[in-house]
K.L.:
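One structure, pasted below without further comment.
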There are 2 protein chains.
Amino acid sequence: MNPTAIFKALADDTRRQMIEMLRERNHSAGEFAAVFNMSKPSITNHLNILHGANLVYREKKGQYVIYSLNMTLLQEAMLWLQKMSKGEEK
Amino acid sequence: MNPTAIFKALADDTRRQMIEMLRERNHSAGEFAAVFNMSKPSITNHLNILHGANLVYREKKGQYVIYSLNMTLLQEAMLWLQKMSKGEEK
DNA sequence: TGTATAATTAGATAATTAACTAATTAAATA
DNA sequence: TATTTAATTAGTTAATTATCTAATTATACA
């Protein structure tokens, strides 16, 4: 788990909205492109950043690429922040 | 609370170390400058980013500026992430 | 009051980021 | 097999970020 990559990934409104969408159900890259007013390559870039931080999984299904949430990592990030805020020992 | 500013502030190793130092006790700007191998203006810049995200308080004491943690905001950020990871309703 | 100390502001620069268009790759299907 | 659809890669650009040095401001104190 790489805190810098995770917080960088979360430090963007588009990417946080993507995560909220993935809380509901899995989505293909194209479904994101249909929702956000942004070119497909820009969508790919945001999804790469989320995937690089390990916050999402990705799986090729025929001609689609399906994205899903990595709940475990989100929870870990949350615990890391909790440690910070509560002052637990390392 | 501005999630983008908070996550941006946390997306940097120097600033996260500053927060860890503030968990122990309050510090002046100069004390940070003594710890990090970095110019004073760069330290000021990092502290401005933490302060802009509301993660730290700052108070002038004589010729010193003393920084302290805003625990409340760290906790709020933590809860926000928890909501993300656990999928609570808005 | 003049000098030292603490910190910030000003201004410059190199690196990174977020966006675009055009081109390419991969898969499905008429 | 040729065409359409989904997605990525390549390459460019404007904006932001992190850093520096030099200058300034504010306070303390000999």
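Numbered from 1 within each chain, the chains take letters A, B, ... in sequence-line order. Values in this document were obtained by computation on a predicted structure and should not be read as measured data.
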K.L.:
Have a look at A/Ile49 and say if it touches a base, only the backbone sugar-phosphate, or nothing, with a 4.0 Å heavy-atom cut-off.
P.N.:
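Answer is sugar-phosphate: A/Ile49 comes under 4.0 Å of backbone atoms only.
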K.L.:
Can you tell me which nucleotide in D/dA18, D/dT8, C/dT8 comes closest to the side chain of B/Thr44?
P.N.:
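The nucleotide sitting nearest to the side chain is C/dT8.
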K.L.:
Round to a whole Å and report the spacing from CZ of A/Arg58 to C1' of D/dA7.
P.N.:
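Atom CZ in A/Arg58 sits about 10 Å away from atom C1' in D/dA7.
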K.L.:
Hey, which sits more toward the 5' end of DNA chain C by its nearest nucleotide, A/Asp12 or A/Lys60?
P.N.:
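Checking each residue's closest nucleotide, the 5'-ward one belongs to A/Asp12.
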K.L.:
OP1, OP2 of C/dA7 versus side-chain N and O of B/Ser28: anything below 4.0 Å?
P.N.:
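Yes.
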K.L.:
Can you tell me how far C1' of D/dT13 sits from CG of A/Asn45, to the nearest Å?
P.N.:
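Distance check: A/Asn45 CG to D/dT13 C1' gives 14 Å.
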K.L.:
Classify B/Thr14 by what it touches in the nucleic acid, base, sugar-phosphate, or nothing, heavy-atom distance under 4.0 Å.
P.N.:
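The answer is nothing, as B/Thr14 stays clear of every strand by at least 4.0 Å.
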K.L.:
Check the distance between D/dA18's P and B/Asn48's CG and give it to me in whole angstrom.
P.N.:
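It works out to 12 Å between those atoms.
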K.L.:
If the cut-off is 4.0 Å, is B/Ser39 near the phosphate of D/dT21, judged by side-chain N/O to OP1 or OP2?
P.N.:
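Answer no for this pair, as no side-chain N or O of B/Ser39 is under 4.0 Å from OP1 or OP2.
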K.L.:
Give the rounded distance in Å between these two atoms: NE2 of A/His27 and P of D/dA6.
P.N.:
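Computing the A/His27:NE2 to D/dA6:P distance gives 16 Å.
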K.L.:
Compare every heavy atom of A/Ile6 with every heavy atom of A/Ala77, then report the nearest pair and how far apart it is.
P.N.:
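That closest heavy-atom pairing would be CB-CG2, 3.9 Å.
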K.L.:
Just call it for A/Tyr67: base, sugar-phosphate, or nothing, with non-hydrogen atoms closer than 4.0 Å on any strand.
P.N.:
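Sugar-phosphate, no base atom in range.
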K.L.:
Please report the distance, rounded to the nearest Å, between CD1 in A/Ile43 and P in C/dT17.
P.N.:
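Rounded to the whole Å, the gap is 18 Å.
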K.L.:
Please state whether the rings of B/His27 and B/Phe32 are parallel, tilted or perpendicular, taking 30° and 60° as the class boundaries.
P.N.:
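Plane angle between 30° and 60°, so tilted.
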K.L.:
Quick one: B/Asn37 CG to D/dA18 P, roughly how many Å, whole number?
P.N.:
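Between P of D/dA18 and CG of B/Asn37: 17 Å.
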K.L.:
In whole Å, what is the span from the CE atom of B/Met18 to the P atom of D/dA18?
P.N.:
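Checked: the CE to P distance equals 12 Å.
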K.L.:
Within the pair A/His46 and C/dA19, is there a side-chain N or O less than 4.0 Å away from OP1 or OP2?
P.N.:
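Yes, A/His46 has a side-chain N/O under 4.0 Å of OP1/OP2 on C/dA19.
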K.L.:
Starting from the 5' end of DNA chain C, give me the residue, A/Lys40 or A/Gln63, whose nearest nucleotide shows up first.
P.N.:
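The 5'-side residue here is A/Lys40.
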K.L.:
Looking at every heavy atom in both A/Ala11 and A/Arg16, which two are closest together, and how far apart are they?
P.N.:
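Minimum heavy-atom contact is C-NH1, 3.9 Å.
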K.L.:
Given atom CG of B/Leu47 and atom P of C/dA6, what is their separation to the nearest angstrom?
P.N.:
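Taking atom P of C/dA6 as the reference, CG of B/Leu47 is at 15 Å.
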K.L.:
Using the rule side chain to side chain contact (heavy atoms under 4.5 Å, CB included), only one of A/Asn26, A/Asn70, A/Leu50 pairs with A/Val56; which is it?
P.N.:
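Between A/Val56 and the candidates, side chain to side chain contact (heavy atoms under 4.5 Å, CB included) is satisfied uniquely by A/Leu50.
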K.L.:
For D/dA18 and B/Ser42 - does any side-chain N or O of the residue sit under 4.0 Å from the phosphate oxygens OP1/OP2?
P.N.:
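No, because none of the side-chain N or O atoms of B/Ser42 sits under 4.0 Å from OP1 or OP2 of D/dA18.
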K.L.:
Enter the distance from A/Phe36:CZ to A/Asp13:CG here, rounded to the nearest 0.5 Å.
P.N.:
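Answer for the CZ-CG pair, A/Phe36 versus A/Asp13, is 8.0 Å.
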